[in-house]
Participant: 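Take a look at the following structure, please.
Heads up: numbering here begins at 1 and tracks the sequence. Excluded from the calculations below are hydrogen atoms, water molecules and symmetry mates; all remaining heavy atoms, backbone and side chain alike, are included.
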Amino acid sequence: MLEKINGPGDIKGLNRGELEALASEIRQFLIEKISATGGHLASNLGVVELTMAIYLTFDLPKDKIIWDVGHQAYTHKILSGRKDHFDELRQYRGLSGFPKTKESPCDAFDTGHSSTSIAAGLGMAQARDIQGEDYSVVSIIGDGALTGGMAYEALNNAARLERNFIIVLNDNNMSISENVGGISKYLSSIRTGEGYNDLKKNVTSTLEKIPVLGPKLIDKISRTKQGIKQLLIPGMLFENMGITYLGPVDGHDLRQLTRVLLKARKLDHAVLVHVLTQKGKGYEPAERNPFWFHGVDPFDINTGQPKKQKEHPGYTDIFSRKLCQLAEERKDIVAVTAAMPDGTGLNRFAKMYPDRFFDVGIAEQHAVTSAAGMAAAGLRPVVAVYSSFLQRAYDQILHDVCIQNLPVVFAVDRAGLVGSDGETHQGIFDLSYLSSIPNMSVMAPKNLWELRRELEFALSFDGPIAIRYPRGEAYRGLKEFNQPIVYGKGEMIYEEDQIALLAIGSMVSTAEHIREKMKAEGYHVTLANGRFVKPVDYQLVARLAENHQYLVTLEENVLQGGYGLKVTAYVHEHYPHVKVLNVALPDAYVEHGNVSILREELGIDSDSIIETIKKWFFQGE
């Protein structure tokens, strides 16, 4: 059946039996392709029939489909005619793992972060109405994403709409990790509350048997069923907000799905369709462990095990173990995460200290401000979050933490280039936005030993402080340089007299390789670890400027607002004869791809930097 699908309208030519075969083929296709490339598997296996029903009900690209987060849009990409590009999924210049408007007219909106689809869809529906156009807008959002406050802001406004707008709630009882909080309990009550649906079904089937009067009675009851819903479904959250609620419906029953979507399309206001799906459906390892198969590296289909085993612990694991050790010694340490206990390494902390662990769901703003409240009351909170997701709480960092100078520690994971997830997930802005905030201090470890030292220091520091570290295996070099942390001080690693390399965090290891290669060619190269992005160790900068004609700064962050420009401004003011070269990322969004390839393409790998230094050096000569 997949051979017949080459564009968005092709699925409508299949009969019922062929549609069932297509669903099976899509699942097998996804398993085979993602086992080779890596990607998001469990979430995509869960929405195969839902996506097919959307394509059967709506006309793409005329109708607009907006996927919240977007990592579950693989079936959408297949049905819209992109199945032949899956061999390059998430690879450099290949198919994105998320919706991209530049990739297909069927992708109505770029997504990557959570809880955004209802707001984007509402805005699109409002634009449609103002411009007098006629198309449907469908926003798909997961139950985990409903823990994000932005979703409720959008729902509150969607209730005012006077034309059709469809919200599909894809309820698989999971976000990335297990759902938490009141909304999870609310949805559970609807999933398990069979009374209303059984009553509706029994009454309808009975009335259908009555000639003439039966259909009229069914219609009359349907108009007054609000009261029955209020009695039998707890809360009626969505109906009380002014949004018609339909469901719950089996998310793997194509006929049911198509029927309810057609009904939703006829309404002249906002409607929410509650769909129950199983994450990982159709692949037993993913059904058993949907978290692990949320985002996977290449794996063996028969066993579900990754093809490449990790040899050494990553920065996340180092952070996790050290935090637990410190928490054993100090009872005031608490940990906060936004639906990422596994991804940030806090799952270990949660098991050891459950009373001091807080998973707030996909709600980064709440995570930061609740941590501020804990700090104000005498605790030492550690907020562990990915760099890309911390952006969502910028105002809370500035307003609720830093104005009050509260001792909140930010463990900023996945900083720098993260690779295959692309523009929405690259952690390349945190040095800029964090260092712009008064009272905030920012550190970056050069290796696993320095991360441990920095975490110890941060938890004894009296003010807001962030530690940013990259994804992946922790650097094990430069072990002999394991000095105590002194506030605002970097360190001199190797001191010579010709070219000085001043690096931050992950770029220290790159700088070490640069030094080794250039020394082999006869250059005299100094290597210094900046360690603190804010405050900059200007004494160290002055020492380098006094003894070198050439100074190179290295950081895995955008140039604008970053470490290098601060160093450059100081050097130009105090040592105008010294030439400064900034190695950083461009003022741009970086697409998906293998990190090694991206570093080479962006000119921040060791060989590219050496070539740049040599050209710059000889121009100076």
Participant: Check whether any side-chain heavy atom of Met340 lies under 4.5 Å from a side-chain heavy atom of Arg414, and answer yes or no.
Facilitator: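 Heavy-atom side-chain distance check fails, nothing below 4.5 Å.
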Participant: Would you indicate whether Glu3, at its atom CD, is surrounded by more than 12 heavy atoms from other residues, nucleotides or ligands within a distance under 6.0 Å?
Facilitator: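 12 or below, so no.
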Participant: Is the shortest side-chain heavy-atom distance between Lys279 and His294 below 4.5 Å?
Facilitator: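 Answer yes - side chains close enough.
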Participant: Between Asp87 and Lys33, does at least one N-O distance fall below 4.0 Å, as a salt bridge requires?
Facilitator: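 Looking at Asp87 and Lys33, the cut-off is met.
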Participant: May I have the step-by-step check of side chain to side chain contact (heavy atoms under 4.5 Å, CB included) for Arg82 and His85, ending in yes or no?
Facilitator: CA-CA 6 Å; Arg82 285 171 274 179; His85 300 288; 4.3 Å; yes
Participant: Taking side chain as C-beta onward, heavy atoms only, is Asn594 less than 4.5 Å from Gln91?
Facilitator: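 Asn594 vs Gln91: side chains apart.
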Participant: If you look at every heavy atom in Ala339 and Asp359, which pair is closest and at what distance?
Facilitator: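 Minimum heavy-atom separation between Ala339 and Asp359: N-OD1, 2.8 Å.
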Participant: Is the distance from the ring center of His274 to that of Tyr245 below 6.0 Å?
Facilitator: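 That pair passes the under 6.0 Å test.
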Participant: Do you know which two heavy atoms are closest between Ile118 and Phe165, and how far apart they sit?
Facilitator: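 Looking at all heavy atoms of both residues, the closest pair is O-CZ, 3.7 Å.
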Participant: Tell me the closest heavy-atom pair linking Val360 and Ala363, and the distance in Å.
Facilitator: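 Closest pair (atom of Val360, atom of Ala363, distance): CG2-O, 3.5 Å.
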Participant: Would you please test Asp107 and Ile65 for side chain to side chain contact (heavy atoms under 4.5 Å, CB included) and show each step?
Facilitator: CA-CA 7 Å; Asp107 291 355; Ile65 313 300; over 6 Å; no
Participant: How far does CG of Asn164 sit from NE2 of His269, to the nearest 0.5 angstrom?
Facilitator: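 Answer for the CG-NE2 pair, Asn164 versus His269, is 8.5 Å.
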Participant: Would Lys12 and Tyr55 count as a cation-pi pair here, with the cationic atom under 6.0 angstrom from the ring centre and within 45° of the axis?
Facilitator: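 Judged by the rule, Lys12 and Tyr55 form no cation-pi pair.
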Participant: Considering only heavy atoms from C-beta outward, does the side chain of Glu364 approach that of Gln396 to under 4.5 Å?
Facilitator: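 Heavy-atom side-chain distance check fails, nothing below 4.5 Å.
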Participant: Does Glu591 use its side chain to pair, donor to acceptor, with the backbone of Gly422 at less than 3.5 Å?
Facilitator: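 It does not hold such a pair.
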Participant: As a test of understanding, state which of Val168, Thr111, Val275 forms a side chain to side chain contact (heavy atoms under 4.5 Å, CB included) with Ile140.
Facilitator: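 Answer to the side chain to side chain contact (heavy atoms under 4.5 Å, CB included) test with Ile140 among Val168, Thr111, Val275: Val168.
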Participant: Take Phe29 and Ile31, measure what side chain to side chain contact (heavy atoms under 4.5 Å, CB included) needs, and give me the verdict at the end.
Facilitator: CA-CA 6 Å; Phe29 178 89; Ile31 294 166; over 6 Å; no
Participant: Would you indicate whether the side-chain heavy atoms of Lys281 and Arg27 approach each other to under 4.5 Å?
Facilitator: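 When only atoms from C-beta onward are counted, Lys281 and Arg27 do touch, with a gap below 4.5 Å.
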Participant: May I ask you to test the Thr277-Asp171 pair for a side-chain heavy-atom distance under 4.5 Å?
Facilitator: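 The answer is no, as the side chains (C-beta and beyond) never meet within the 4.5 Å cut-off.
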Participant: Grab the two heavy atoms, one from Phe429 and one from Ala588, that are nearest each other, plus how far apart they are.
Facilitator: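 Smallest interatomic distance, heavy atoms only, reads CZ-O, 4.3 Å.
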Participant: For Thr344 and Asp413, does a side-chain donor sit closer than 3.5 Å to a side-chain acceptor?
Facilitator: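 No, no side-chain donor-acceptor pair sits under 3.5 Å.
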Participant: Apply side chain to side chain donor-acceptor pair (under 3.5 Å) to Ser136 and Arg265, showing your working.
Facilitator: CA-CA 8 Å; Ser136 294; Arg265 191 174 187 174; 3.3 Å; yes
Participant: Do Asp317 and Arg348 pass the side chain to side chain contact (heavy atoms under 4.5 Å, CB included) test, and can you show the C-alpha distance, the side-chain angles, and the key distance before you say yes or no?
Facilitator: CA-CA 9 Å; Asp317 190 56; Arg348 182 180 285 111; 3.2 Å; yes
Participant: Measure the spacing between OG of Ser139 and CZ of Phe109 and express it to the nearest 0.5 Å.
Facilitator: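 If we round to the nearest 0.5 Å, Ser139:OG and Phe109:CZ are 9.5 Å apart.
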Participant: Locate the shortest heavy-atom distance separating Ala393 from Val368; write the atom from each residue and the value.
Facilitator: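 Taking Ala393 first and Val368 second, the nearest heavy atoms are CB-CG2, 3.6 Å.
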Participant: Do you know which two heavy atoms are closest between Leu30 and Thr75, and how far apart they sit?
Facilitator: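 In this case the closest contact between Leu30 and Thr75 is CD1-OG1, 3.9 Å.
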Participant: With Phe98 as reference, evaluate His113, His425, His76 under the ring-ring contact (aromatic ring centres under 6.0 Å, His included) test and give the passing residue.
Facilitator: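 Only one of His113, His425, His76 forms a ring-ring contact (aromatic ring centres under 6.0 Å, His included) with Phe98, namely His425.
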Participant: Considering the options Leu56, Asp10, Ile26, Leu2, which one meets the side chain to side chain contact (heavy atoms under 4.5 Å, CB included) requirement together with Leu79?
Facilitator: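 In the set Leu56, Asp10, Ile26, Leu2, the residue that makes a side chain to side chain contact (heavy atoms under 4.5 Å, CB included) with Leu79 is Ile26.
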Participant: Got a second to check how far Glu601's CD is from Arg93's CZ, nearest 0.5 Å?
Facilitator: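 So the CD of Glu601 and the CZ of Arg93 are separated by 5.5 Å.
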Participant: Taking it one step at a time, do Phe58 and Tyr135 satisfy ring-ring contact (aromatic ring centres under 6.0 Å, His included)?
Facilitator: CA-CA 9 Å; Phe58 300 96; Tyr135 56 82; over 10 Å; no
